[in-house]
Amino acid sequence: MNPYANRRARVLAQMQAQGGGVAIIPTAPEVMRNADADYPYRHDSYFYYLTGFTEPEATLVLVAGEKDQTILFCREKNEEREIWDGYRYGPEAAREAFGLDAAYSIASIDTELPKLMANAPALFYALGSSSRLDDQIKGWLNAVRAQVRAGVTAPSAAIDIRVILNEMRLVKDAYEIGIMQRAADITAEAHARAMRCSRAGLREYHLEAELLHEFRRNGSQFPAYGSIVAAGPNACVLHYRAGDAELRDGELVLIDAGCELDSYASDITRTFPVSGKFSGSQKALYEIVLDAQYAAIAATRPGARFTDGHDAALKVLAQGMLDTGLLDKNKVGSLDDVIANGNYRQFYMHRTGHWLGMDVHDVGDYRDPAPAGAEKPWRTLAPGMVLTIEPGIYVRPAEGVPDAFWHIGIRIEDDALVTTDGCDILTRKAPKTVAEIEAVMKG
Ligand code: GLY
Ligand code: MN
Ligand code: MN
């Protein structure tokens with residue numbers, strides 16, 4: 001069975017277990033950028049997860065009834081439009097190619113959907129995710145209700161399909177892991193390329209161009225998110241985007257960039273000296289962040305909690321802040337005080353990771369279920385989950401902070417697949433230690 005058909009079957013089984021009904025999963029709309037130029041089209045991740053179909057104007061319908069049905073609504077063949085915009089499958093070929101039970105023109109969805117919804121106990125869709133979908137559903141429900149005197153009943157419950165899909169997407173199958181490994185390899189090579197190209201006098205956009213070149217020449221369709229290339233002090237702006245600042249000798253450059261390959265994201269951050277050699281103060285902070293990352297990686301294994309990596313990294317970072325004088329022991333007290341009081345937040349203000357998958361900040365609950373009223377514990381890691389591990393230190397000038405560290409921003413980010421006995425760093429090919437980075441940049 002192809003992976004998409006397998007996933008549809010798993011969703012249908014879960015819908016049946018909840019009493020059955022009709023699931024409606026549209027793909028993403030096309031969005032105009034300006035005038036008649038549109039943004040590059042990117043399908044909806046949930047829709048793609050269940051179909052593998054990348055055309056716009058499509059909706060998947062799953063019917064969990066007496067007999068399960070998988071139905072695609074998509075654009076019809078259109079010779080004229082295909083001359084301008086390219087090939088489209090059309091319902092017949094799409095049904096065959098994507099292994100669905102039936103496919104219809106998207107133009108017929110308003111007549112077909114009420115028929116499918118008649119007498120179904122529940123609707124499964126992404127509640128409140130799109131006013132367009134909400135309006136469509138209202139119209140379809142009203143069309144079913146109009147037949148009430150003919151003895152037809154309308155669905156009386158709405159269930160968020162994302163509860164089912166998020167859980168499924170959180171644990172990656174072998175097919176997904178294969179793609180994610182390739183995405184990680186491409187991104188690792190792009191970071192190495194940026195390191196090799198770096199020199200004083202270039203601008204941030206020059207390194208961004210090297211990243212994009214490496215992504216695209218390896219078949220990646222898009223960057224998975226806006227690339228951060230932050231020279232010198234810009235590294236302390238967490239959501240900085242590649243701009244036109246000059247790379248200066250003696251400063252660091254932080255790159256947080258990842259390609260999207262076949263709908264899966266990668267997410268790597270590396271920080272390296274513009275001219276290839278770390279200064280003493282840069283190296284001191286870099287080694288702390290690297291040790292923090294190693295500690296988080298060691299805590300990333302099945303049975304551990306999602307936050308164990310963060311907690312492990314935090315201890316190393318906070319101890320490093322005390323050892324280097326970033327935090328003054330006489331003012332903030334011991335390591336335990338720094339963690340309890342949150343003083344570390346002056347230099348480390350984000351968490352150590354997030355789920356990674358089709359979306360860079362991927363779906364999936366960060367908490368385990370708990371009995372009603374009880375606090376939900378953080379998620380227990382299990383094989384097949386993929387998360388980033390990305391500690392950092394960002395030093396803005398401030399009174400009492402040694403000026404040797406001012407404007408240094410460092411983050412080190414890798415993508416980890418939880419395995420049966422630990423984790424596998426998918427992004428291991430990106431140079432990371434001081435020695436590796438200096439060697440790549442020298443070579
Ligand atoms: N690049 C986005 C993130 O690291 O979360
Ligand atoms: Mn990340
Ligand atoms: Mn990142």
Side-chain angles (χ1 to χ4, degrees), residues 180-220 223-225 227-232 234-235 240 242 245-259 261 265-294 296-297 388-394 407-416 423-443:
M180 292 188 77
Q181 181 62 73
R182 289 201 299 282
D185 287 345
I186 294 168
T187 297
E189 186 48 47
H191 279 260
R193 181 187 182 101
M195 288 176 193
R196 287 194 296 268
C197 292
S198 175
R199 58 185 158 78
L202 293 182
R203 293 186 181 266
E204 292 165 338
Y205 56 73
H206 287 115
L207 296 190
E208 183 189 25
E210 298 298 335
L211 298 164
L212 296 176
H213 177 84
E214 198 62 32
F215 290 172
R216 201 68 182 113
R217 72 187 281 272
N218 283 290
S220 151
Y225 51 91
S227 305
I228 296 173
V229 180
N234 292 336
Y240 185 82
E246 191 175 328
L247 309 188
R248 293 177 198 282
D249 192 27
E251 290 186 343
L252 296 174
V253 55
L254 179 155
I255 295 184
D256 182 347
C259 74
L261 179 73
S266 53
D267 185 6
I268 299 183
T269 306
R270 289 294 183 264
T271 311
F272 55 88
V274 165
S275 303
K277 190 102 186 106
F278 285 87
S279 74
S281 49
Q282 290 166 350
K283 188 171 166 188
L285 295 193
Y286 192 89
E287 298 284 13
I288 293 165
V289 178
L290 186 58
D291 284 347
Q293 206 219 22
Y294 288 147
I297 290 171
T388 65
I389 304 180
E390 49 178 306
I393 288 184
Y394 313 89
H407 300 300
I408 294 178
I410 295 168
R411 177 164 65 255
I412 305 172
E413 175 174 30
D414 281 297
D415 304 343
C423 70
D424 180 14
I425 301 300
L426 301 176
T427 45
R428 61 191 164 276
K429 289 186 184 156
K432 184 158 75 171
T433 64
V434 166
E436 282 167 357
I437 290 173
E438 291 188 346
V440 163
M441 295 187 74
K442 204 168 165 190

Is it the case that [X] and [Y] place a side-chain donor and acceptor less than 3.5 Å from each other?
X: Q181; Y: D424; result: no
X: T388; Y: D415; result: no
X: D256; Y: Y240; result: no
X: N218; Y: E189; result: no

Looking only at non-hydrogen atoms, find the nearest pair between [X] and [Y] and report the distance.
X: G409; Y: T271; value: O-CG2, 3.5 Å
X: L211; Y: A194; value: CD2-CB, 4.2 Å
X: Y225; Y: I268; value: OH-N, 3.8 Å
X: A200; Y: V274; value: N-CG1, 3.5 Å
X: A430; Y: A188; value: N-CB, 3.4 Å
X: L247; Y: A231; value: CD2-CB, 3.6 Å

Passing candidate, side chain to side chain contact (heavy atoms under 4.5 Å, CB included) with L252, options F272, Y286, F278: F278
Test side chain to side chain contact (heavy atoms under 4.5 Å, CB included) applied to I228 and I255, step by step: CA-CA 5 Å; I228 296 173; I255 295 184; over 6 Å; no
Below 4.5 Å, heavy atoms only, C-beta onward: do [X] and [Y] meet side chain to side chain?
X: V440; Y: R196; result: yes
X: L254; Y: R411; result: yes
X: V253; Y: V229; result: yes
X: K283; Y: E287; result: yes
X: R193; Y: H213; result: yes

Enclosure of R199 CZ (heavy-atom neighbours >12, cutoff 6.0 Å): no
Tell me if a side-chain donor or acceptor on [X] pairs with a main-chain N or O of [Y] at a distance below 3.5 Å.
X: E436; Y: T433; answer: yes
X: S227; Y: A257; answer: no
X: R217; Y: E214; answer: no
X: E251; Y: S275; answer: no

Can you tell me how far apart [atom1] ([X]) and [atom2] ([Y]) are? Round to the nearest 0.5 Å.
X: H191; Y: T269; atom1: NE2; atom2: OG1; result: 6.5 Å
X: I412; Y: I288; atom1: CD1; atom2: CD1; result: 11.0 Å
X: E210; Y: L202; atom1: CD; atom2: CG; result: 8.5 Å
X: I186; Y: R182; atom1: CD1; atom2: CZ; result: 8.0 Å
X: S198; Y: M441; atom1: OG; atom2: CE; result: 4.0 Å
X: Y294; Y: I389; atom1: OH; atom2: CD1; result: 12.0 Å

Candidate pair D414 and K429, rule salt bridge (charged side-chain N to carboxylate O under 4.0 Å, His left out), full reasoning: CA-CA 10 Å; D414 281 297; K429 289 186 184 156; over 6 Å; no
Test log, rule side chain to side chain contact (heavy atoms under 4.5 Å, CB included), inputs L426 and S266: CA-CA 9 Å; L426 301 176; S266 53; over 6 Å; no
Worked verdict on F215 versus L261 for side chain to side chain contact (heavy atoms under 4.5 Å, CB included): CA-CA 9 Å; F215 290 172; L261 179 73; over 6 Å; no
Worked check of side chain to side chain contact (heavy atoms under 4.5 Å, CB included) between K432 and L290: CA-CA 8 Å; K432 184 158 75 171; L290 186 58; 3.6 Å; yes
